[in-house]
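The structure under discussion appears below in the form of structure tokens.
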There are 2 protein chains.
Amino acid sequence: MRREFKSKSKSKVLLIDDNYDHLAAVNELISSESMFNVVGTSTNANIGMNLIKKYHPDVVLLDMNMPEKNGLEVIQEIEKMNLGVRVLVLSGYDDSDLIFRAMKLGAKGYVLKTMASAQLIYALEEVSDGKVYLPASLTSRFFEYFQQQVIEEKTETTQEENYLSFLTAREEEVLDLLCQGVTYKGVASQLFISDTTVKTHVNNIFQKLQVNDRTQAVLYAINNGFMKKRTKQLVRV
Amino acid sequence: MRREFKSKSKSKVLLIDDNYDHLAAVNELISSESMFNVVGTSTNANIGMNLIKKYHPDVVLLDMNMPEKNGLEVIQEIEKMNLGVRVLVLSGYDDSDLIFRAMKLGAKGYVLKTMASAQLIYALEEVSDGKVYLPASLTSRFFEYFQQQVIEEKTETTQEENYLSFLTAREEEVLDLLCQGVTYKGVASQLFISDTTVKTHVNNIFQKLQVNDRTQAVLYAINNGFMKKRTKQLVRV
DNA sequence: CGAAAAATACATCTAAAGGTTTACATCTTT
DNA sequence: AAAGATGTAAACCTTTAGATGTATTTTTCG
């Protein structure tokens, strides 16, 4: 959106962590680094959100585990504000699901509280520099989840036990048009055949898909991976 | 699937790279490491596939850029074999799309040819050890693409300019049933109203969605985020 | 080649869908 | 109180969809 001209100026950092002791420690650590300027701290997620609105920090160091609010929700809200605020998650857990969801929501990094302070500083540098930073071990975790998701998706649609495989090429063409909401006559004119022929094909399709009408046939087609070409996939290969 | 009992035994590595000189150099590098055993090399993707079937290597070091076959397809085929063969991509390009797709297809790592040989060895160790390894710079690249995908998906479905918002609560109920392939009479009996009333509602729905028949209405509903509860999402938050 | 599958076509009939208009009772908002 | 949105219902009519049976011509494949 907006380009910052602060190649040398300090990055504004905001800290949100419900554990006050930890917050203070991190504050001290970061403040000792000359390149960062801690513009605010909060032990409460909601107050933290207000501080973000007020100070427009470059980076928010966000604890995931807070009583008032779910950390993921906080990320979501910050991203929704669209202020270019970059979220670096600081969490006690290396749960792959949590990492995945945080990154999916737009977090620019994820470090564990157990990690060395040097690593936190490095992550903060990278994130404030516009990069995404995940420690190698968490990257590994992330991909556990990511690739598993892809596999699950694949097995869902690759279940070739569906009746679609029984359709002939012509019947697939007809079904394709049905899936576009075309009438019998429309199909007939597009395939250059008579509408009675279309009815024959459609009836055969119903038989094979074990449905009673066009709407059910279309639903069956959509739910069983027909039309994959037309339906944009969320994550495509 | 199957647990290997080779904590100390050498990992079987297979090399596929169309550039013979590079292949030879990598072969020499890896062979010099005591923990790896190069069981085969090939400058041709198809022959490489046969070697995989024959030797069942633990790790395949795979070049992405080959004349005969697209590297991504090779990954896909290897994964389809389901032999537990782990693919480490060795590529000349740090294109975020390429990285993303390779990882999505199940690659367990991705290193650049320009990287230090020590990094290649390290990646190989990690991957043969069952982990996923992506160098920090490529992780960053990966997330560029990943998070962009998520954003695009979100803006697709969040476009609330669709006509669905014009529907009344009752009309939504009717549309919901239409989306299940229910007939007018079926809708009537389920909502305890007469079928003529259903027709009225359906006609109003058609008007509002600017379609001509139930199939088109259902398609509109599905394509515009109606029924989000029933349609499983690929990657959910 | 010859059998089987697929694609084509038509007739007939019934059921369902869809268009249009009118009407009335509620309920909310101005 | 008037206006507007909503839900309900019906009559009338036209079109489309769907079921069933029969039959001819291509294609495909053993």
Side-chain angles (χ1 to χ4, degrees), chain A residues 160-227 229-230, chain B residues 160-227 229-230:
Chain A
E160 292 300 345
E161 302 147 23
N162 64 40
Y163 302 125
L164 287 172
S165 53
F166 298 150
L167 299 181
T168 67
R170 198 56 160 174
E171 285 161 358
E172 282 185 357
E173 285 186 85
V174 174
L175 180 56
D176 188 2
L177 290 169
L178 287 191
C179 287
Q180 294 172 45
V182 183
T183 63
Y184 285 164
K185 284 185 182 172
V187 175
S189 67
Q190 285 200 46
L191 297 184
F192 303 107
I193 54 180
S194 83
D195 58 340
T196 56
T197 307
V198 175
K199 287 187 179 185
T200 307
H201 287 311
V202 170
N203 266 298
N204 291 335
I205 291 171
F206 290 166
Q207 298 292 318
K208 290 183 180 176
L209 301 189
Q210 302 189 358
V211 297
N212 304 312
D213 55 51
R214 63 200 305 71
T215 307
Q216 288 174 16
V218 168
L219 288 169
Y220 186 94
I222 291 173
N223 289 328
N224 290 84
F226 198 72
M227 328 229 326
K229 322 97 198 182
R230 272 165 296 284
Chain B
E160 292 299 346
E161 302 146 24
N162 63 41
Y163 302 126
L164 287 171
S165 53
F166 297 151
L167 299 181
T168 66
R170 198 57 160 174
E171 285 161 357
E172 282 185 357
E173 284 185 87
V174 174
L175 180 56
D176 190 4
L177 291 169
L178 288 190
C179 287
Q180 295 172 45
V182 183
T183 63
Y184 284 166
K185 285 184 182 171
V187 175
S189 68
Q190 286 200 44
L191 297 184
F192 304 107
I193 55 181
S194 85
D195 57 342
T196 57
T197 306
V198 175
K199 286 187 180 187
T200 306
H201 286 312
V202 170
N203 266 297
N204 291 334
I205 291 170
F206 291 167
Q207 297 291 318
K208 290 183 179 176
L209 302 189
Q210 303 190 356
V211 297
N212 304 310
D213 55 52
R214 68 204 289 102
T215 307
Q216 288 174 16
V218 169
L219 288 169
Y220 186 95
I222 291 173
N223 289 327
N224 291 83
F226 199 73
M227 326 228 327
K229 322 100 202 180
R230 270 167 295 282

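Order of the sequence lines fixes the chain letters, A, B, ..., with proteins taken first and strands second; residue numbering starts at 1 for each chain.
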How do N204(B) and K199(B) order along DNA chain D: which one's closest nucleotide is nearer the 5' end? N204(B)
Does a nitrogen or oxygen in the side chain of Y184(A) sit under 4.0 Å from OP1 or OP2 of dG18(D)? yes
Nearest-nucleotide comparison on DNA chain D, the residue closer to the 5′ end among D195(B) and D213(B): D195(B)
Treating D213(B) as the side-chain partner and Q216(B) as the backbone partner, does any N or O pair qualify as donor plus acceptor under 3.5 Å? yes
Looking at T168(A), is its backbone amide N or carbonyl O close enough to the side chain of E171(A) to form a donor-acceptor pair, meaning the two atoms are under 3.5 Å apart? yes
Rounded distance (nearest 0.5 Å) linking atom NZ of K185(A) with atom CD of Q190(A): 15.0 Å
Once you apply a heavy-atom cut-off of 4.0 Å, does S194(A) come out as touching a base, just sugar-phosphate, or nothing? sugar-phosphate
Does dA19(D) have OP1 or OP2 under 4.0 Å away from a side-chain N or O of N203(A)? yes
Going by distance alone, is a donor N or O of one side chain under 3.5 Å from an acceptor N or O of the other, for S194(B) and T197(B)? yes
Measure CZ/R170(A) against P/dT26(D) and give the value in whole Å, please. 14 Å
For dT8(D), does OP1 or OP2 lie under 4.0 Å from any side-chain N or O of H201(B)? yes
Quick check with a 6.0 Å cut-off and a 45 degree axis cone: is R214(A) positioned over the face of F206(A)'s six-membered ring? no
Name the nucleic acid region contacted by T183(B), choosing base, sugar-phosphate or nothing; use a 4.0 angstrom heavy-atom cut-off, strictly under. sugar-phosphate
Specify the separation, in whole Å, of atom CG of L191(B) and atom P of dA9(D). 10 Å
Separation between CD (E173(B)) and CD1 (I193(B)), nearest 0.5 Å, reads 8.5 Å
Please state how far atom CZ in F206(B) lies from atom P in dT15(D), giving the value in whole angstrom units. 17 Å
Spacing between L209(B) atom CG and dG18(C) atom P, to the nearest angstrom: 13 Å
Within the structure, does a side-chain N or O atom of R214(A) lie under 4.0 Å from either OP1 or OP2 of dA17(D)? yes
Contact class for K185(B) vs. all strands (heavy atom < 4.0 Å): base, sugar-phosphate, or nothing? sugar-phosphate
Roughly how many Å is it from CD1 in I205(B) to P in dT6(D), rounded to a whole number? 13 Å
Spacing of I193(B) atom CD1 relative to dG7(D) atom P, expressed in whole Å: 10 Å
dA5(D) P sits how many Å from E172(B) CD, rounded? 18 Å
Of all the nucleotides listed (dA16(C), dT8(C), dA10(D)), which has the minimum atom distance to the side chain of T200(A)? dT8(C)
Atom-to-atom span, CG of N212(A) to C1' of dA17(D) - whole angstrom: 13 Å
Should T197(A) be listed as having a side-chain N or O under 4.0 Å from OP1 or OP2 of dA9(C)? yes
Does T196(B) put a side-chain nitrogen or oxygen below 4.0 Å from OP1 or OP2 of dA10(D)? yes
So which nucleotide from dT20(D), dT8(C), dG7(D) ends up closest to the side chain of T168(B)? dG7(D)
